[in-house]
Protein chains: 2
Amino acid sequence: MPNDLAPAESASHVHPLLRVLIVEDDPVMQLGLEQFLDDCDSLEVIGRAEDGYAAITLALELEPDLVVMDIGLPQLDGIAATQQIKQKSPDMRVVVLTSHMDDVEIVAALASGADAYCIKGASLEQLAVAVSCARTGAAYLDPQIARRVFNHLQCTHSSAPVVPLSPRELDVLKLIVEGKSNPEIASELFLSISTVKTHLRGIMNKLSVDDRVQAAVAALRNGLV
Amino acid sequence: MPNDLAPAESASHVHPLLRVLIVEDDPVMQLGLEQFLDDCDSLEVIGRAEDGYAAITLALELEPDLVVMDIGLPQLDGIAATQQIKQKSPDMRVVVLTSHMDDVEIVAALASGADAYCIKGASLEQLAVAVSCARTGAAYLDPQIARRVFNHLQCTHSSAPVVPLSPRELDVLKLIVEGKSNPEIASELFLSISTVKTHLRGIMNKLSVDDRVQAAVAALRNGLV
DNA sequence: TCATTGATTGGCCGATCGGTCGATTTCAAG
DNA sequence: CTTGAAATCGACCGATCGGCCAATCAATGA
């Protein structure tokens with residue numbers, strides 16, 4: 001029986017109830033959330049907040065295991081609230097629930113420490129799955145945004161140097177990206193300015209660019225740094 | 001509706017059985033996976049593959065709803081296989097299951113189109129949750145890597161312009177990032193070179209940098225482009 | 001109304017840059 | 001041993017850059 005391979009935590013029955021704090025300014029939405037979450041037999045709603053400041057206060061006071069956080073909140077928005085909560089209680093999980101789908105807001109939310117990102121209007125089943133993920137520390141991203149988030153990742157993706165720069169050229173390139181001038185690079189690498197220029201020429205040739213600015217941009221975009 | 005958070009069962013009544021293809025070169029691991037997955041009453045294992053090429057062939061032939069994909073495969077690795085499968089069948093879900101935790105590999109896997117990323121050695125319950133996420137198109141990231149992935153996001157993170165550049169300055173900055181020289185920028189924006197230089201000075205002041213290279217780098221790093 | 005801000009332009013000058021020649025040394029591979 | 005790539009240096013020159021000065025005009029808001 002393969003299910004015995006599953007270590008310690010064999011799901012919701014072993015754990016005590018997951019204590020949940022709901023942060024939502026819309027009364028109707030808040031009621032609906034509470035109804036749904038309270039119906040789940042593995043968790044209990046222990047508090048509600050209508051704005052960001054109340055959320056932080058309540059989170060520190062009640063110490064819930066998980067916070068369901070709206071983003072569009074009066075006074076202090078959900079992203080800032082998440083940031084502060086996560087800073088003070090890193091192990092407290094935060095499920096962000098919002099109707100906004102801007103890339104910037106999504107990224108900001110995830111960078112602020114949110115564990116899951118759900119879209120309002122999606123099925124309640126998905127919210128339940130998101131909570132399941134978050135409770136273990138795993139990340140959940142709504143189907144509508146998952147691809148978009150991962151596309152934002154490609155900027156870092158590299159590892160396979162498209163252009164084979166020599167080690168020394170890489171040294172120079174790094175300093176160029178740091179904004180150093182040729183004389184500065186020369187003194188930092190204990191080279192003459194002429195040598196730096198030679199390497200720079202090699203870099204620009206291999207990268208097929210015309211100046212150091214494009215070289216720096218190419219270096220960043222291709223993750224050569 | 002039943003609000004059981006245990007994900008493996010939650011969808012079983014509404015959806016037909018989820019047809020799963022297992023790709024794993026280790027025979028023991030493959031057997032264990034099949035045992036566990038087949039035990040879940042909401043899905044059935046319809047095929048197995050031991051290498052990347054077989055995975056692609058079988059995926060196109062059997063048209064499973066979901067593929068559980070190992071990364072370390074002989075001949076063609078799981079990332080390349082995922083990429084090809086996703087290219088031909090975008091709606092086919094892929095759960096990546098591996099023991100590697102390099103950032104580059106994780107990012108590569110997600111960029112290749114994987115819907116979920118699980119770490120071998122984690123509980124089977126987590127795999128079940130990952131499958132639940134992936135089946136709806138949502139993303140799942142193992143707790144051990146979730147934070148790391150989102151930290152990679154910060155490169156793009158901006159939204160709240162740390163530095164408020166004027167619209168015109170942004171125009172100039174964009175062209176600088178494209179490697180344009182001042183004269184080129186001037187003619188492209190129908191400005192005089194002097195104006196471009198003025199804006200550039202403003203940009204460099206606001207970004208607290210000393211030259212156009214650092215301005216370009218700052219623009220990329222802060223996502224002002 | 002007056003002040004501020006942003007966009008616009010001009011000139012001057014020294015420093016730096018990028019291109020184009022050249023050169024030597026070392027080290028590893030053929 | 002010879003070839004080649006990489007790294008190291010030099011000189012020249014025109015173009016560009018960046019800092020500093022000052023100015024006009026429109027729109028926005030106090």
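Labels below follow one simple rule: chain letters A, B, ... track the order of the sequence lines, proteins then strands, and each chain is numbered from 1.
For A/K206, the side-chain atoms get nearest to D/dA6 when compared with the rest of C/dC17, C/dG11, D/dA6. Taking every side-chain heavy atom of A/P167 into account, D/dA7 is the closest of D/dC9, C/dG18, D/dA7. For B/E169, counting side-chain heavy atoms from C-beta on, the closest listed nucleotide (C/dT9, C/dC17, C/dA7) is C/dA7. For A/S181, counting side-chain heavy atoms from C-beta on, the closest listed nucleotide (C/dT9, C/dT16, D/dT8) is C/dT16. Here the nucleotide nearest the side chain of B/R212, chosen from C/dA7, D/dG18, D/dA7, is D/dG18.
Within the 4.0 angstrom heavy-atom criterion, only backbone atoms of the sugar-phosphate kind lie near A/S166; the bases stay farther away. Residue A/L191 is classed as a sugar-phosphate contact, given heavy-atom separations below 4.0 Å to backbone atoms only.
For residues 195-202 of chain B, proximity to DNA chain C is found at B/T195, B/K197, B/T198, B/H199, defined as any non-hydrogen atom under 4.0 angstrom from a strand atom.
If you run side-chain hydrogen bond (donor to acceptor under 3.5 Å, both in side chains) between A/E169 and each of A/R201, A/K174, A/H199, A/K206, only A/K206 comes through.
For the pair B/K180 NZ and D/dC17 P, the interatomic distance rounds to 13 Å; values are reported in whole Å. Going from atom CZ of B/R168 over to atom C1' of C/dA7 covers 8 Å, rounded to whole Å. For the pair A/I193 CD1 and C/dG18 P, the computed distance is 13 Å after rounding to whole Å. Rounding to whole angstrom units, CG of residue A/N205 and P of D/dA6 are separated by 12 Å. Per the geometry, CG belonging to A/L170 stands 13 Å off C1' belonging to D/dA6, to the nearest Å. Between B/I176 atom CD1 and C/dC17 atom C1' there is a gap of 16 Å when expressed in whole angstrom units. One can place CD1 of B/I185 at 13 Å from C1' of D/dG18, the figure rounded to the nearest angstrom. Regarding A/L189, its CG atom lies at a distance of 12 Å from the C1' atom of D/dA7, rounded to whole Å.
Distances shorter than 4.0 Å separate some side-chain N or O of A/S192 from OP1 or OP2 on D/dG10. For the pair A/N182 and C/dT16, the criterion of a side-chain N or O lying under 4.0 Å from OP1 or OP2 is not met.
Rounding to the nearest 0.5 Å places OG1 of B/T195 at 12.0 Å from CD1 of B/I185.
Every residue two or more places apart in sequence or in another chain was checked for a salt bridge (Lys or Arg N to Asp or Glu O under 4.0 Å) with B/D51, and none qualifies.
Note on A/E63 versus A/R19: no salt bridge recorded, every NZ/NE/NH1/NH2 to OD/OE distance being 4.0 Å or above. Checked for salt-bridge contact, B/R48 and B/E24 miss the test: no charged N lies under 4.0 Å from a carboxylate O. A/K86 and A/D115 are joined by a salt bridge, as a carboxylate oxygen and a charged side-chain nitrogen come within less than 4.0 angstrom of each other.
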Distances for protein N/O vs nucleotides 24-26 of chain D N/O pairs under 3.5 angstrom?
none

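Not one N or O on the side chain of A/S89 forms a donor-acceptor pair closer than 3.5 Å with the backbone of A/D91. The closest donor-acceptor contact from the side chain of A/D26 to the backbone of A/M29 lies under 3.5 Å. With hydrogens and angles ignored, the 3.5 Å screen pairs a side-chain donor or acceptor of A/E184 with a backbone N or O of A/S181.
Remark: the B/Q214 side chain and the A/E178 side chain contain no N/O donor-acceptor pair separated by less than 3.5 Å.
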